[in-house]
Enquirer: 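Pasting a structure here, questions to come.
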Amino acid sequence: MVDEPRNIQREILPNGLTVLTETMEHIRSVSIGIWLRTGSRDEDDAANGISHFLEHMVFKGTKTRTAEDIARQVDSIGGNMDAFTAKECICFNVKVLDEHLPIAMDVLSDLVLNPIFDAEDILRERGVILEEIKMDEDNPDYLVHEIFTQNFWKDHPLGKPIAGTKDTVRRFDQDLLLSYYARHIHPGNLIISAAGSLDHKRFVELVGERFQALKASKNGLHSGPPSVHPRIVMRNKKALEQVQICVGVPSHPISHAMRYTSYVLNTLLGGGMSSRLFQNIRERQGLAYAIFSELNPFRDTGCLSIYAGTSRESASKVVESIIGEFRRLKDEPVPEDEVRRAKDQLKGNLMLSLESSAARMSNLARQEMYFDRFFSLDELIEKIEAVTAADLSMLSREYFYSDKIAVTVLGNLNGLKLSRQALAC
């Protein structure tokens, strides 16, 4: 398989700001992202949710633009502007035609550098985010994952909800937002990445014009690694028709040497319609409509989790079947044809995921954050191909240990019980 050459360039401005670009000559779009290297896991308890709140507030107006000005200016050039907050980063991004790159950079940098955090806007947005929290609590799929995460990394910021809680959000005011934001917006904590139809030198000039005034500062914001609490949590919610189940185990950090084995293991366990969980629990037994696994690695820890929605009568059988798949992965070598399928699926997903300028822009920033280098597609494929059935068995024996398994069950439980003995694998 021949890798397409990637025109990636990296430059550090005099103040310490990192600028990354990838030129994609066959398209007309360009995607820009301004990334903060800190997210919700770097908040203290009283400020839980403030990163997400700040992400909302930058769109409410700057020293030179109202919220309506921002929206009209981006719409007038056919652009798409968005933002998101995650556990370990915040990203503000825009995608436009290449001819509109200067104006897009001007608007995006203005949002990040000059927000005013007006007191009346804060009051209104507080109400919006409280409604967002209530909406999430009404979503059982989201809620079971949130309860699971809060217990899995109990008493650590990584286990706290990204949006915060009703109590913390109600306490956010202008002084807190301004002081918290000022501590985060400095060159050592920022990455600006762009991919698409652009010239690296010109893009660095655009960034320098807007960000050179930022003063260099040390980033001492990172929280320490969490400890894992593999609990069994049964949460009763009578209004739900289904029982929501989340089963998880600790996994390796994002840059661990065994990460490619983890990707293949997750794929064959619950990564698609041909996965073991889907074929066993949905197709053969008909116990669930939705069943999948997901890998959530962070800089110093990780979690491999399985989600299923089923009836109360089938809940115990679903958990038993999940544990049975853990046991089978530990005890029986994975057949070569199944290893081959999982690798090909993973490679296909990887290549398809990098087709857009937005995906390439995001990929640049994440590789900078976690690896300080860039991996070619050929290199990634080579690493995936190097995973063996023996590697999968070894990792399964490390991950799937009864005392490490955490379970959260949410729904109209009506006396449903689950013991640690039921998790023996």
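Being a predicted model, the structure only gives us computed values, none of them experimental. These numbers come from the heavy atoms of this one structure, side chains and all, not from hydrogens, waters or symmetry mates.
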Enquirer: So, Asp98 versus Ser197: side-chain donor-acceptor pair below 3.5 Å or not?
Expert: yes
Enquirer: Does Thr261 reach the side chain of Met258, with side-chain heavy atoms less than 4.5 Å apart?
Expert: yes
Enquirer: When you compare the side chains of Glu88 and Tyr370, does any donor N or O come within less than 3.5 Å of an acceptor on the partner?
Expert: yes
Enquirer: Could you verify whether a donor N or O on one side chain and an acceptor N or O on the other, from Tyr289 and Gln242, lie under 3.5 Å apart?
Expert: no
Enquirer: Might you work through the side chain to side chain contact (heavy atoms under 4.5 Å, CB included) test for Arg10 and Phe374, ending with a clear yes or no?
Expert: CA-CA 10 Å; Arg10 177 179 186 265; Phe374 305 105; 4.0 Å; yes
Enquirer: Just verifying a value: how many Å separate Leu36 CG and Ser51 OG, rounded to the nearest 0.5 Å?
Expert: 8.5 Å
Enquirer: Assess the residue pair Phe92 and Leu111 against the criterion (side chain to side chain contact (heavy atoms under 4.5 Å, CB included)); give the C-alpha distance rounded to whole Å, side-chain angles, the decisive distance to 0.1 Å, and a yes or no.
Expert: CA-CA 9 Å; Phe92 307 96; Leu111 292 186; 5.7 Å; no
Enquirer: Is any side-chain heavy atom of Gln9 closer than 4.5 Å to one of Val204?
Expert: no
Enquirer: Check Glu355 with Arg360, please: is the shortest side-chain N to carboxylate O separation under 4.0 Å?
Expert: no
Enquirer: Suppose we call two aromatic rings close when their centres sit under 6.0 Å apart. Are Trp153 and Phe148 close by that rule?
Expert: no
Enquirer: Is the closest side-chain heavy-atom distance between Ile245 and Ile306 below 4.5 Å?
Expert: no
Enquirer: I'd like to know if the side chain of Ser29 pairs up with that of Ser357 as donor and acceptor (distance under 3.5 Å, no hydrogens or angles considered).
Expert: yes
Enquirer: So, His200 and Glu22: side-chain donor and acceptor under 3.5 Å apart, yes or no?
Expert: no
Enquirer: Nearest heavy-atom pair of Val58 and Glu55: which atoms, and what distance?
Expert: CG2-O, 3.5 Å
Enquirer: Within this structure, what is the CD1-CZ distance for the pair Ile191 and Arg366, rounded to the nearest 0.5 Å?
Expert: 10.5 Å
Enquirer: Which value, rounded to the nearest 0.5 Å, describes the distance between Ile232 atom CD1 and Met234 atom CE?
Expert: 8.0 Å
Enquirer: Is Asp121 salt-bridged to Arg124, cutoff N-O under 4.0 Å?
Expert: yes
Enquirer: For a side chain to side chain contact (heavy atoms under 4.5 Å, CB included) check, start with the C-alpha distance between Ser275 and Leu269, then their side-chain angles and the critical distance, and finish with the verdict.
Expert: CA-CA 5 Å; Ser275 68; Leu269 177 62; over 6 Å; no
Enquirer: So which atom in Ala308 and which in Ile291 form the shortest heavy-atom distance, rounded to 0.1 Å?
Expert: CB-CD1, 3.5 Å
Enquirer: Mind listing the closest non-hydrogen atom pair of Leu277 and Gly270 along with its distance?
Expert: CD1-CA, 4.1 Å
Enquirer: As an exercise, state the distance from OG1 of Thr310 to NZ of Lys317, rounded to the nearest 0.5 Å.
Expert: 11.5 Å
Enquirer: Kindly determine whether His184 and Leu190 satisfy side chain to side chain contact (heavy atoms under 4.5 Å, CB included), including the steps that lead there.
Expert: CA-CA 9 Å; His184 285 68; Leu190 287 171; over 6 Å; no
Enquirer: Would Glu209 and Arg202 satisfy salt bridge (Lys or Arg N to Asp or Glu O under 4.0 Å), going step by step from the backbone distance to the final call?
Expert: CA-CA 11 Å; Glu209 288 167 8; Arg202 176 59 185 142; 3.8 Å; yes
Enquirer: Can you sort out the partners of Arg282 under salt bridge (charged side-chain N to carboxylate O under 4.0 Å, His left out), two or more places apart, ordered by chain and number?
Expert: none
Enquirer: Before you tell me yes or no, could you show the steps for Gln345 and Thr267 under side-chain hydrogen bond (donor to acceptor under 3.5 Å, both in side chains), namely the whole-Å CA-CA distance, both residues' side-chain angles and the distance that decides it to 0.1 Å?
Expert: CA-CA 8 Å; Gln345 180 184 342; Thr267 301; 5.5 Å; no
Enquirer: Hey, what do you get for CG (Asp118) to CD (Gln174), rounding to the nearest 0.5 Å?
Expert: 7.0 Å
Enquirer: Go through it in stages, so that I can follow the logic: the residues are Glu379 and Lys383, the test is salt bridge (Lys or Arg N to Asp or Glu O under 4.0 Å), and I'd like the CA-CA distance, side-chain angles, deciding distance and then a yes or no.
Expert: CA-CA 6 Å; Glu379 188 176 359; Lys383 296 286 189 183; 5.3 Å; no
Enquirer: I need the minimum non-hydrogen distance between Ser305 and Cys246, along with the two atoms involved.
Expert: CB-SG, 4.3 Å
Enquirer: What's the verdict on side-chain hydrogen bond (donor to acceptor under 3.5 Å, both in side chains) for Ser31 and Asn93, showing C-alpha distance, side-chain angles and the deciding distance?
Expert: CA-CA 7 Å; Ser31 295; Asn93 56 84; over 6 Å; no
Enquirer: For Glu294 and Asn266, does a side-chain donor sit closer than 3.5 Å to a side-chain acceptor?
Expert: no
Enquirer: Between Glu385 and Arg340, does the salt bridge (Lys or Arg N to Asp or Glu O under 4.0 Å) criterion hold? Intermediate values first, please.
Expert: CA-CA 9 Å; Glu385 283 294 343; Arg340 177 78 270 142; 2.5 Å; yes
Enquirer: Could you go through Asp106 and Arg210, starting from their C-alpha distance and side-chain angles, then the distance that decides it, and tell me whether this counts as salt bridge (Lys or Arg N to Asp or Glu O under 4.0 Å)?
Expert: CA-CA 8 Å; Asp106 188 59; Arg210 290 157 179 82; 3.6 Å; yes
Enquirer: Within the structure provided, determine whether Ile34 and Leu108 are in side-chain contact (heavy-atom separation under 4.5 Å).
Expert: yes
Enquirer: Between the side chains of Lys160 and Glu43, is the shortest nitrogen-to-carboxylate-oxygen separation below 4.0 Å, so that they form an ion pair?
Expert: no
Enquirer: Taking the six-membered ring for Trp, are Tyr181 and Phe117 ring centroids under 6.0 Å apart?
Expert: yes
Enquirer: Sequence neighbours left out, what pairs pass ring-ring contact (aromatic ring centres under 6.0 Å, His included) with at least one residue falling in residues 227-268?
Expert: His252-His256, His252-Tyr399, Tyr260-Tyr263
Enquirer: So, Asp42 and Arg37, do they make that salt bridge, N to O below 4.0 Å?
Expert: no
Enquirer: Applying side-chain hydrogen bond (donor to acceptor under 3.5 Å, both in side chains) to Tyr307 and Gln244, what does each step give before you reach the verdict?
Expert: CA-CA 8 Å; Tyr307 164 80; Gln244 312 291 312; 2.4 Å; yes
Enquirer: With heavy-atom distances below 4.5 Å as the criterion, would you say the side chains of Asn280 and Glu325 are in contact?
Expert: yes
Enquirer: Going by the angle between their ring planes, with limits at 30° and 60°, are Phe53 and Phe172 parallel, tilted or perpendicular?
Expert: perpendicular
Enquirer: Flag the pair Lys347 and Asp344 as a salt bridge only when some basic side-chain nitrogen lies within less than 4.0 angstrom of an acidic carboxylate oxygen.
Expert: yes
Enquirer: Do Asn48 and Thr168 have a side chain donor and acceptor closer than 3.5 Å?
Expert: no
Enquirer: Testing the 3.5 Å rule here: is there a donor-acceptor pair between the side chains of Asn15 and Gln212?
Expert: no
Enquirer: Specify the closest pair of heavy atoms between Lys215 and Pro187, including all atoms of both residues, with the distance to one decimal.
Expert: O-CD, 3.0 Å
Enquirer: Nearest heavy-atom pair of Asn412 and Leu240: which atoms, and what distance?
Expert: CB-O, 3.9 Å
Enquirer: Output the distance between atom CG (Leu395) and atom OG (Ser251), rounded to the nearest 0.5 Å.
Expert: 8.5 Å
Enquirer: Side chains of Gln285 and Ser321: donor-acceptor distance under 3.5 Å anywhere?
Expert: yes
Enquirer: Could you check whether Arg65 pairs with Asp110 (Lys NZ or Arg NE/NH1/NH2 to Asp/Glu carboxylate O, under 4.0 Å)?
Expert: yes
